[in-house]
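Here is the structure we will look at.
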Amino acid sequence: MVVDDSRMIRKVARRIVEDLGFETAEAENGEEALARCKAAMPDLILLDWNMPVMSGIEFVTRLRALPADRAPRVVFCTSNSGAVDIHKGIEAGADEYVIKPFDEASLRAKLGNIGLG
């Protein structure tokens with residue numbers, strides 16, 4: 001699932017993960033994404049940090065509190081590039097972190113780091 005309030009980012013990220021063989025859903029904010037996860041938990045979530053309604057940090061914190069047979073891999077895709085933000089994202093439950101603007105090679109490398117490349 002690609003979670004971002006930017007339709008363009010969702011389109012670019014979706015193309016990359018679909019090229020890797022993933023079926024992809026989209027959500028434009030954390031609240032919509034959480035509802036989708038409750039209905040059907042994805043294997044991978046590419047997540048923006050700064051979104052209306054529910055931020056990426058709030059989403060991943062709430063996601064990790066959900067009971068699930070298998071926890072999805074979560075990759076923050078954000079322009080928040082400071083070390084404090086990266087640590088905060090990982091502590092909240094993200095598995096990896098990629099800085100916007102990202103390209104296919106950098107996203108593939110991050111997915112490879114978490115066993116999905």
Asp4/Lys100 salt bridge by N-O under 4.0 Å criterion: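 Counted as a salt bridge, because a side-chain N and a carboxylate O are separated by less than 4.0 Å.
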Close side-chain approach of Met1 and Thr24, heavy atoms under 4.5 Å: no
Non-hydrogen side-chain atoms of Val75 and Asp95 separated by less than 4.5 Å: no
Asp5 and Asn29 side chains, donor-acceptor separation under 3.5 Å: no
More than 12 heavy atoms from other groups under 6.0 Å of CD on Glu26: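 Atom CD in Glu26 is packed in, count exceeds 12.
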Side chain to side chain contact (heavy atoms under 4.5 Å, CB included) between Val17 and Leu44, intermediate numbers included: CA-CA 9 Å; Val17 295; Leu44 170 65; 4.0 Å; yes
Donor-acceptor under 3.5 Å ([X] side chain, [Y] main chain):
{"X": "Arg15", "Y": "Arg10", "value": "no"}
{"X": "Arg64", "Y": "Gly93", "value": "yes"}
{"X": "Arg70", "Y": "Met41", "value": "yes"}
{"X": "Thr61", "Y": "Ile57", "value": "yes"}

Parallel, tilted or perpendicular, as decided by the 30° and 60° cut-offs, for the rings of Trp49 and Tyr97: perpendicular
Would you compute the distance between atom [atom1] of [X] and atom [atom2] of [Y] and round it to the nearest 0.5 angstrom?
{"X": "Glu23", "Y": "Arg14", "atom1": "CD", "atom2": "CZ", "value": "10.0 Å"}
{"X": "Asn113", "Y": "Glu96", "atom1": "CG", "atom2": "CD", "value": "5.0 Å"}
{"X": "Leu46", "Y": "Ile9", "atom1": "CG", "atom2": "CD1", "value": "11.0 Å"}

Check against side chain to side chain contact (heavy atoms under 4.5 Å, CB included), Phe59 and Ile45: CA-CA 11 Å; Phe59 166 80; Ile45 299 170; 3.9 Å; yes
Minimum heavy-atom distance Met54-Leu34, with the two atoms named: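 Heavy-atom minimum between the residues: CE-CD2, 4.2 Å.
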Side chain to side chain contact (heavy atoms under 4.5 Å, CB included) between Leu63 and Val74, intermediate numbers included: CA-CA 10 Å; Leu63 174 75; Val74 177; 3.7 Å; yes
